[in-house]
Amino acid sequence: MIPSARVSLVIPVYNQLLHTMQCLESMLRLPDKAGELIVVDNASSDGTPEYLKGIDGITVIPNASNLGCAKAWNQGIQASKGDVIGILSNDIIVTSGWLPALLHFMEESGHGIVSPAMREGPLDYELDSYAAEFTAACRTATRPGFLGPCMLVRRGVFDQIGLFDEGFIYGGCEDVDFLWRAQKAEITAGVTGSAFIHHFGMITQNTVKRTESKAYPAQNLTHFRNKWGRTVRGNWFQRRWARLRERWTERYERFWYGHTLVE
């Protein structure tokens, strides 16, 4: 199996100090640590730079302004040394065994991109015990695709299809664009129930919309449509088919495993 030491994790941050603390501390408390942890600070002004200076064993890339997700991820990828690169948001909390489970799934499946299962929303449950029960029940559950808040990517994928498209501003659509480019290159992606994380959901992006720009989501959708000749969700038929497929997948997973891989 690919050892954890050959993994580089890249996390962009922009304020949201509490979430950054929860994210990093959830990783640093576990025995199976990545070989490299790179935090790209998009000009945080809430004490995040000072907090990051106090953490041993991480690499911090400071930016003078908020460059957004795509540019920050690309900075981290270019600075990384790992054979596998983790692309993460800072509003997640990882749980015990998440990294070895993902690496095992990557090696066993042959996927170029893999993601853990996750629960989204408020952290109003006991995470560690829930994660242990979830992964025990769902260890063989998989589905195609990936989850943008947390994914491991083989370095060769970036060599083949390039980095994230920096035409997407702040955040939004760059992950779907990346997946579609991978699929076009016949690179597969998958989600496994053997690894579990909590995702608070859109924490930084909602703040950016309130404080910096309400227009950027529409600009990203326009850039995506110009690039792919369609919207992210597609026409009525494509949206309807996607909803039906999602509902069937969720019912199948609940019936067999007692959970869905995105809760």
Side-chain angles (χ1 to χ4, degrees), residues 3-63 66-82 84-103 114-128 130-132 147-153 164 171 175 195-208:
S4 299
R6 287 168 54 190
V7 178
S8 299
L9 302 181
V10 178
I11 308 172
V13 301
Y14 175 60
N15 294 325
Q16 308 306 322
L17 175 58
L18 177 59
H19 289 287
T20 298
M21 292 172 65
Q22 289 177 312
C23 177
L24 295 181
E25 289 169 14
S26 73
M27 296 174 184
L28 295 172
R29 70 187 172 98
L30 298 174
D32 295 302
K33 296 180 178 64
E36 192 173 37
L37 182 52
I38 300 171
V39 179
V40 184
D41 182 16
N42 274 327
S44 296
S45 57
D46 65 343
T48 294
E50 292 75 17
Y51 167 73
L52 296 175
K53 287 178 183 176
I55 301 179
D56 293 330
I58 69 170
T59 299
V60 179
I61 299 175
N63 288 324
N66 183 3
L67 301 182
C69 274
K71 290 182 180 181
W73 277 334
N74 288 347
Q75 285 178 296
I77 294 164
Q78 290 169 326
S80 69
K81 302 179 181 69
V84 174
I85 303 168
I87 302 298
L88 303 98
S89 300
N90 72 326
D91 61 342
I92 66 169
I93 300 177
V94 302
T95 64
S96 180
W98 77 283
L99 187 54
L102 277 181
L103 292 171
V114 297
S115 293
M118 69 183 184
R119 182 167 177 170
E120 293 190 294
L123 185 55
D124 53 4
Y125 61 103
E126 208 295 308
L127 178 57
D128 289 336
Y130 188 86
L147 303 177
C150 180
M151 53 183 163
L152 297 188
V153 185
F164 290 94
D175 53 350
F196 182 85
I197 64 168
H198 180 84
H199 178 222
F200 290 95
M202 298 292 291
I203 297 298
T204 299
Q205 299 310 321
N206 287 337
T207 300
V208 170

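We're numbering straight along the sequence, starting at 1.
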If you compare all heavy atoms of Ser44 against all heavy atoms of Val13, which two are closest, and at what distance to 0.1 Å? OG-O, 3.9 Å

Beyond-backbone contact of Ile87 with Asp175, side-chain heavy atoms, under 4.5 angstrom: no

Closest heavy-atom pair and its distance - Ala72, Val40: O-CG2, 3.5 Å

Once you round to the nearest 0.5 Å, how far does CG of Asn63 lie from CD of Gln75? 4.0 Å

Show the nearest heavy-atom pair for residues Ser115 and Cys150, with the distance to one decimal. OG-O, 2.9 Å

Hey, what do you get for OG (Ser8) to CD1 (Ile77), rounding to the nearest 0.5 Å? 10.0 Å

Measuring from atom CG of Leu9 to atom CG of Leu88, what distance do you get when rounded to the nearest 0.5 angstrom? 5.5 Å

Nearest heavy-atom pair of Leu99 and Lys33: which atoms, and what distance? CD2-C, 4.1 Å

Check whether any side-chain N or O of Asn15 sits under 3.5 Å from a backbone N or O of Ser45 as a donor-acceptor pair, and report yes or no. yes

Work out which heavy atom in His199 is nearest to a heavy atom in Glu120; give both atom names and the distance. ND1-OE2, 2.7 Å

Which of Leu127, Leu102, Thr95, Val94 passes side chain to side chain contact (heavy atoms under 4.5 Å, CB included) with Ile197? It is Val94

Could I get the full list of ring pair (Phe, Tyr, Trp, His ring centres under 6.0 Å) partners for Tyr51, not counting sequence neighbours? none

Which pairs count as salt bridge (charged side-chain N to carboxylate O under 4.0 Å, His left out) when at least one residue sits in residues 39-48, sequence neighbours excluded? none

Minimum heavy-atom distance between Ile93 and Ser26, given as atom pair plus value: CG2-CB, 3.5 Å

How long is the straight-line distance from CD of Gln16 back to CG of Asp91, given to the nearest 0.5 Å? 8.5 Å

Would you please classify the geometry between the Phe196 ring and the Tyr125 ring as parallel, tilted or perpendicular, with 30° and 60° separating the classes? perpendicular

Verdict with supporting geometry, Leu103 and Val114, side-chain contact (heavy atoms from CB on, under 4.5 Å): CA-CA 8 Å; Leu103 292 171; Val114 297; over 6 Å; no

Using a 6.0 Å cut-off, check whether atom CG of Asp56 has over 12 heavy atoms from anything other than its own residue. no

Let me confirm one number: the CG-OG1 distance from Asn90 to Thr20, rounded to the nearest 0.5 Å. 4.0 Å

dist Leu123:CG -> His198:NE2 (nearest 0.5 Å) comes out at 4.5 Å

Does some side-chain heavy atom of Asp128 sit less than 4.5 Å from a side-chain heavy atom of Ser96? no

Can you tell me which residue pairs pass the salt bridge (charged side-chain N to carboxylate O under 4.0 Å, His left out) test with a partner in residues 11-25, sequence neighbours excluded? none

Derivation of the side-chain contact (heavy atoms from CB on, under 4.5 Å) call for Leu52 and Leu24: CA-CA 10 Å; Leu52 296 175; Leu24 295 181; 3.7 Å; yes

